[in-house]
Amino acid sequence: MPELPEVEVAARNLRRWGEGRRVRAAGCSEPRILDAVVHVGDKVRTEPVDPAALGALVGTRLGGVERLGKNLLLAFKRGRKPAVGVWSHLGMTGKWLRRAPADPPPRFSRVRLDLEGGVTLHYVDMRLFGFFRLVPDAGFAALPALAALPPDPLAGGIDTARLTARFARIGKPVKVALLDQTLVPGVGNIQDSEALWRAAIDPRRRASSLTPAEVRRLARAVIASFRHTLRAFAADGADGGGADIEYVEEPGTRNPFRVYDRAGIRCPRCHVGTITRIVQAARSTYFCPRCQK
DNA sequence: ACCCGTGTTCGCTG
DNA sequence: TCAGCGAACACGGG
């Protein structure tokens, strides 16, 4: 599921469910999902840790939830001081769910956090491509992998001059290039196809061939697609202001995408071309060969 | 049984 | 040295 819009939904849910609450207990049923940031001199490494390391969370309070691209950053505090952070990446199949403490864990629950007030959070991830990473002192700013990312597109917009300069040095197809999280954090394989379709740019063109005007159009299209998907989740997910936002593959929700996984339909813009699936870098791309130039 | 998959990293090659 | 490419990770669903 998770590209930027889904991760934004997860961030909002976690704030609503858990912000301000103290951690009573923490457990992990799948150690492969767990690791921790370790500082060695001025180097930063990650290494696997035992589930017992989750003990660092017990007694702390969830102080804040931030999202940067597809990364969720949870800061836990003791009193006013940062105690420990969790860098949660949802990988391909990750999600956060809320349950009552006595409920059976959801299938593929990997980490559970029992919070005060009868709230139990489960980090669920069938395929284990995500991670649950402990960060000493919630010192996210000191992590090179996060520092390398530009501001989140929904919070800080997209620096199109910078993006144009980066694209100019990339020979790969623009569709493949845009999956690099250091360009526009949060774009995944679906939003990539959606944004290129909105911008009417052929996904097969080399990134270096885009004009500055086209890069600006693409940047606007990325943000428009993010917002459109986010609105669709909120509307479809029976949220309406109260209930939890759900995910697209769950029953009763509509596929909000214009071209992704829609090979064979008439193009929703030109109504002449046929949405076509091609494979680039071993990933599906959907586009309209007639109006994407 | 076989192929596919919303993400990311690693190793090989030119 | 590095951009680019394919494989690998894990596991359910069609």
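Proteins come first, then strands; the chains are lettered A, B, ... in the order of their sequence lines, and each starts at number 1.
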Closest to the 5' end of DNA chain B, once A:H89 and A:R277 are matched to their nearest nucleotides, is A:R277
Side-chain contact check for A:R127: nearest option of C:dA10, B:dG7, C:dG12 is C:dA10
Those residues at least two apart in sequence (or on a different chain) that pass ring-ring contact (aromatic ring centres under 6.0 Å, His included) with A:H122 are none
Correct closest heavy-atom pair for A:H39 and A:P136 would be CD2-CG, 4.4 Å
Next on the checklist: Give me the distance, rounded to whole Å, that separates C:dG12 from B:dT8 when you measure between the P atoms they each carry.
Outcome noted: 22 Å
Closer than 3.5 angstrom, by distance alone: can the side chain of A:D35 be matched with the main-chain N or O of A:T46 as a donor-acceptor pair? no
*No-hydrogen, no-angle side-chain donor-acceptor test under 3.5 Å, A:T93 and A:R127*: no
Assert: residue with more 5' nearest nucleotide on DNA chain C, out of A:R110 and A:R206, is A:R206
Between CG of A:L149 and C1' of B:dG7 the distance, given in whole Å, is 14 Å
Between CZ of A:R283 and P of B:dC3 the distance, given in whole Å, is 18 Å
*asked:* Stacking between A:F129 and C:dC9, defined as ring centres under 5.5 angstrom apart with planes under 30°, is that present or not?
replied: yes
| said: Does B:dG5 have its OP1 or OP2 closer than 4.0 Å to a side-chain nitrogen or oxygen of A:S284? | reply: yes
C:dC11 phosphate, OP1 or OP2, under 4.0 Å from A:R32 side-chain N/O: yes
Plane angle bin for A:W87 and A:F131 - parallel if under 30°, tilted between 30 and 60°, otherwise perpendicular: perpendicular
- Look at all strands and tell whether A:Q181 reaches a base, only sugar-phosphate, or nothing, counting heavy atoms closer than 4.0 Å. sugar-phosphate
Worksheet item: With distance as the sole criterion, is a donor-acceptor pair present between the side chains of A:S109 and A:R99 under 3.5 Å?
Response: no
The correct set of residues in residues 159-175 of chain A placing a heavy atom under 4.0 Å from DNA chain C is A:I170, A:G171, A:K172
